[in-house]
Amino acid sequence: MDYTVLHIAVSDDEQAEILTAELADFPFESFETEDGLLKAYIPAVRLSGCKTDVDALLARRGVEGRYAVIPTQNWNASWESDFPPVDVEGRLRIRAPFHDPAPAGEMEAVVLPRMSFGTGHHATTWLMSRAVLGLGVAGRTGLDMGSGTGVLAIVAAKCGAAHVDAVDIDDWADENCRENVAANGVADRVEPMLGDVGRIAGRRYDFILANINRNVLVADMPAYAAALVPGGDLVMSGFLEADTAAVTQAAAEQGMETVAAEIREGWMMIRVKKKK
Ligand SMILES: C[S@@+](CC[C@H](N)C(=O)[O-])C[C@H]1O[C@@H](n2cnc3c(N)ncnc32)[C@H](O)[C@@H]1O
């Protein structure tokens, strides 16, 4: 698959973070910032459907973007050289199949090298993964909304969750999630589903994981609250510190109180609980 990379010159990390958060509303799958340059990667076939809106966003923000096509390449080789396994406090290793297995006693999630979000290298995935480790999901039923590679659903299943629905709006992410769920031997407990919040109508969950973005989280909050059992946990990330109030307020309006909040590299993770 060909990818297009959008290059944007940024003045500082804060500007890079704001642009990243806004571009994450489009089907960009991966971001990196290096030497004052933000690079945002999108499957070439998906750019035409959003290029006008992306260009309008760049104009609003007063920055210029340069697009370049990256021909299909061996992402396996690229990952092997570029990405070490991700360590979550010695308790979880998120790795590709070509990395060494985790030491005995350490949990691992194997993510096949593709361009969908959720390799563990992004601060939000790291925060969410660590939250899952401490959530007490064993025997409970959960939802991973915006599942990307499926990494959070896989970690939840490996922590003993009875069943996890893994929902993503992106057909390519859904396909990648299916591969990863099978590769991790959790296909009996993780059910990948293509779609958006409409897919969870009528379903009930003990916990919900949602690493998406501020706008989707706020818009879908009533559906999350309706699907959560009383006393259930909703863990969210994908938004910046400045957006915390908007997300916690939307949760409070649906009868969910904030019980934990953490920040990593400017990105937030909060856990809210539905009142009993
Ligand atoms: C930031 S990634 C998170 C991936 C993974 N859960 C993780 O923690 O690394 C967000 C994912 O949400 C998906 N997404 C975006 N909008 C969505 C929506 N309205 N409903 C479901 N999924 C959505 C994207 O396709 C993307 O795979």
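In this chain, residues are counted from 1 in sequence order.
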Query - Pair listing, salt bridge (Lys or Arg N to Asp or Glu O under 4.0 Å) test, anchored in residues 216-228, at least two apart - result: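 Salt bridge (Lys or Arg N to Asp or Glu O under 4.0 Å) check on residues 216-228 returns no pairs.
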Query - Qualifying salt bridge (Lys or Arg N to Asp or Glu O under 4.0 Å) pairs with a residue from residues 52-67, counting only residues at least two apart or across chains - result: E22-R61, K51-D55
Can you tell me how far [atom2] of [Y] sits from [atom1] of [X], rounded to the nearest 0.5 angstrom?
| X | Y | atom1 | atom2 | result |
| --- | --- | --- | --- | --- |
| L37 | I8 | CG | CD1 | 8.5 Å |
| T141 | F207 | OG1 | CZ | 7.5 Å |
| L194 | R178 | CG | CZ | 7.5 Å |
| T124 | F239 | OG1 | CZ | 10.5 Å |

Shared hydrophobic cluster for [X] and [Y] (ILVMFWY, side-chain gaps under 4.5 Å):
| X | Y | answer |
| --- | --- | --- |
| V151 | L133 | yes |
| L228 | M128 | no |
| V132 | M107 | yes |
| M268 | L135 | no |
| L240 | M269 | no |

Requested in this report: Check step by step if side-chain contact (heavy atoms from CB on, under 4.5 Å) holds for L6 and L58.
Outcome: CA-CA 11 Å; L6 169 60; L58 300 184; 4.3 Å; yes
Query raised in the report: Using 30° and 60° as the class limits, which term best fits the ring planes of F28 and F26: parallel, tilted or perpendicular?
Result: perpendicular
Under 3.5 Å: donor-acceptor pair, side chain of [X], backbone of [Y]:
| X | Y | value |
| --- | --- | --- |
| D243 | A246 | no |
| N211 | G238 | yes |
| N180 | L112 | yes |

Query raised in the report: When you look at V86 and W126, which way does the side-chain contact (heavy atoms from CB on, under 4.5 Å) test go after all the steps?
Result: CA-CA 8 Å; V86 175; W126 193 94; 3.8 Å; yes
Query raised in the report: What residues join V69 in its hydrophobic cluster, counting side-chain heavy atom gaps under 4.5 Å, either direct or through other members?
Result: none
Query - Partners meeting salt bridge (charged side-chain N to carboxylate O under 4.0 Å, His left out) with D206 (sequence neighbours left out) - result: none
Report task. Take T244 and I263 through the side-chain contact (heavy atoms from CB on, under 4.5 Å) test and state the conclusion after the steps. Result -> CA-CA 10 Å; T244 308; I263 185 166; over 6 Å; no
Report task. Write out all pairs satisfying ring-ring contact (aromatic ring centres under 6.0 Å, His included) with one or both partners inside residues 176-203, taking only residues at least two apart or from two chains. Result -> none
**Report entry** Pairs involving residues 254-276, ordered by first then second residue, that meet ring-ring contact (aromatic ring centres under 6.0 Å, His included) (sequence neighbours left out)
**Finding:** H122-W267
Side chains of [X] and [Y]: closer than 4.5 Å at any heavy-atom pair?
| X | Y | answer |
| --- | --- | --- |
| K274 | L234 | no |
| I200 | M145 | yes |
| L19 | F31 | no |
| D25 | L57 | no |
| S129 | L152 | yes |

Less than 3.5 Å apart, which donor and acceptor atoms pair up between the side chains of residues 153-169 and the rest of the protein, not counting sequence neighbours?
from	atom 1	to	atom 2	distance (Å)
K158	NZ	E108	O	2.8
K158	NZ	N184	OD1	3.2
H163	NE2	D165	OD1	2.9
H163	NE2	E191	OE1	3.3
D165	OD2	R203	NH1	2.9
D165	OD2	Y205	OH	2.6
D168	OD1	D170	N	2.9
D168	OD2	S147	N	3.2
D168	OD2	G148	N	2.8

Report summary line: Residues pairing under side-chain hydrogen bond (donor to acceptor under 3.5 Å, both in side chains) where one sits in residues 222-238, two or more places apart or in two chains, turn out to be R140-D233, D233-R271, D233-K273
Requested in this report: Could you give me the CA-CA distance, side-chain angles and deciding distance for V111 and I94, then say whether side-chain contact (heavy atoms from CB on, under 4.5 Å) is met?
Outcome: CA-CA 7 Å; V111 174; I94 303 171; 3.9 Å; yes
Query raised in the report: Heavy-atom count around E106 CD within 6.0 Å, excluding the residue itself: above 12?
Result: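 For E106, atom CD is crowded (more than 12 foreign heavy atoms under 6.0 Å).
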Looking only at non-hydrogen atoms, find the nearest pair between [X] and [Y] and report the distance.
| X | Y | result |
| --- | --- | --- |
| V235 | A131 | CG1-CB, 3.9 Å |
| I42 | P27 | CG1-O, 3.4 Å |
| A227 | I208 | CB-CD1, 4.3 Å |

Quick one: side chain to side chain contact (heavy atoms under 4.5 Å, CB included) partners of [X], sequence neighbours excluded?
| X | answer |
| --- | --- |
| A250 | V218, M221 |
| D13 | none |
| E34 | none |
| A225 | Q254, M256 |

